[in-house]
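This report concerns only the one structure given below.
Residues: numbered from 1 along the sequence shown.
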Amino acid sequence: RMRLMYACSGNTIPAGIRGVSFYLSFYAAGKRRKNMAFVIELLLIGVGLSMDAFAVAVCKGLAMRKVNKKQAVVIGLFFGGFQALMPFIGWALGTQFESYITSIDHWIAFILLAFIGGKMVVEGYRLEEDETVKELDPPLDMKEMFLLAIATSIDALAVGITFAFLNYPIVECITIIGLTTFVLSIAGVVVGNMFGSRYQKKAEIAGGIILILIGLKILLEHLGILVL
């Protein structure tokens, strides 16, 4: 007892206690490194998943004569929200429906993007023929935004299934992915507006063509024809 009191109060620490202390500090440092690596991994996944949403947001920015902050935030919320929702749905479904989801998701994305892109191209040509001045910042078409959000995030269903299989913490996963997409979508609107303000007449046509190409890329990648 005397030795224990001396050790705890005084100048020396027993080797056993030093060993435990070293192990705990090493374990804590290793856990922090693992957590940081996990966050970086999720950020990279979020950036990868949000690239299609970023490109579509660029298209939306092309059609604006000046950046409408409210519309930019709404676009970010649509894309970020659905990019978080889809992995959650995939995680909830688990591997039970994996084969059904992965067999049709690329076709759904292609059809939606091709339809909306084609509509934008047609409207762009009509604008060239019509010399009347358009409203500066027309309101967003919420139905169109809903379809675009689904089309650009449907791939994330399969990612959610992977999260379930790997037993990843779903709340942290969808939070990081959703926030990443939200920020990049707003950035896409700003980038698109920088070019769209210079090329007003061609902006909507270019945006429509980009949407069609994004849909085609998704389809060809899932069919194994295009490998990136």
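- Rounded to the nearest 0.5 angstrom, Asn68 CG and Asn193 CG are separated by 10.0 Å.
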Between side-chain atoms of residues 46-55 and protein atoms elsewhere (two or more places apart, or another chain), which donor-acceptor pairs fall under 3.5 Å?
unit_1: Ser50; atom_1: OG; unit_2: Gly46; atom_2: O; d: 2.9
unit_1: Ser50; atom_1: OG; unit_2: Val47; atom_2: O; d: 3.0

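- Atom CD1 in Ile218 sits 11.5 Å away from atom CG in Leu213 (nearest 0.5 Å).
- Here the CD1-OG1 distance, from Ile214 to Thr152, works out to 8.5 Å after rounding to the nearest 0.5 Å.
- If you take CD1 on Ile111 and NE2 on His106, they are separated by 10.0 Å, rounding to the nearest 0.5 Å.
- Under the 4.5 Å side-chain contact rule for hydrophobic residues, Ile210 and Phe115 share a cluster.
- In terms of heavy-atom proximity, Gly118 sits nearest to Ile212 at N-CD1, 3.8 Å.
- The shortest distance between side-chain heavy atoms of Met142 and Phe78 falls below 4.5 Å.
- Placement of Phe182 and Ile154 in two distinct hydrophobic clusters is found when ILVMFWY residues are connected by side-chain heavy-atom separations under 4.5 Å, directly or transitively.
- Contact detail for Ala151 and Leu112: the closest heavy-atom pair is CB-CB, 3.8 Å.
- Under the side chain to side chain contact (heavy atoms under 4.5 Å, CB included) rule, Thr180 has a single partner from Ile177, Leu184, Val183, which is Leu184.
- When all heavy atoms of Ile174 and Pro87 are compared, the pair lying nearest together is CG2-CB, 4.1 Å.
- Nearest heavy atom pair, residue Leu216 against residue Phe110, reads N-CD1, 3.7 Å.
- A search for side-chain hydrogen bond (donor to acceptor under 3.5 Å, both in side chains) contacts involving Glu144 returns Lys60, not counting sequence neighbours.
- Atom CD of Glu41 and atom CE of Met36 lie 13.5 Å apart (nearest 0.5 Å).
- Residues Ile150 and Leu77 are members of separate hydrophobic clusters, defined by side-chain heavy-atom contacts under 4.5 angstrom among Ile, Leu, Val, Met, Phe, Trp and Tyr.
- For the pair Ile186 and Gly76, the tightest heavy-atom approach, listed with the atom from each and the gap, is CG1-CA, 4.4 Å.
- Contact annotation: the side chain of Val73 never approaches that of Lys69 to less than 4.5 Å [non-hydrogen atoms, C-beta and beyond].
- Note on Ile75: it does not cluster hydrophobically with Leu179, by side-chain heavy-atom contacts below 4.5 Å among ILVMFWY residues.
- Here Phe163 and Phe88 keep their ring centres 6.0 angstrom or further from each other.
- The side-chain heavy atoms of Tyr168 and Trp91, taken from C-beta on, include no pair separated by under 4.5 Å.
- Considering every non-hydrogen atom in both Met64 and Val67, the closest pair reads SD-CA, 4.3 Å.
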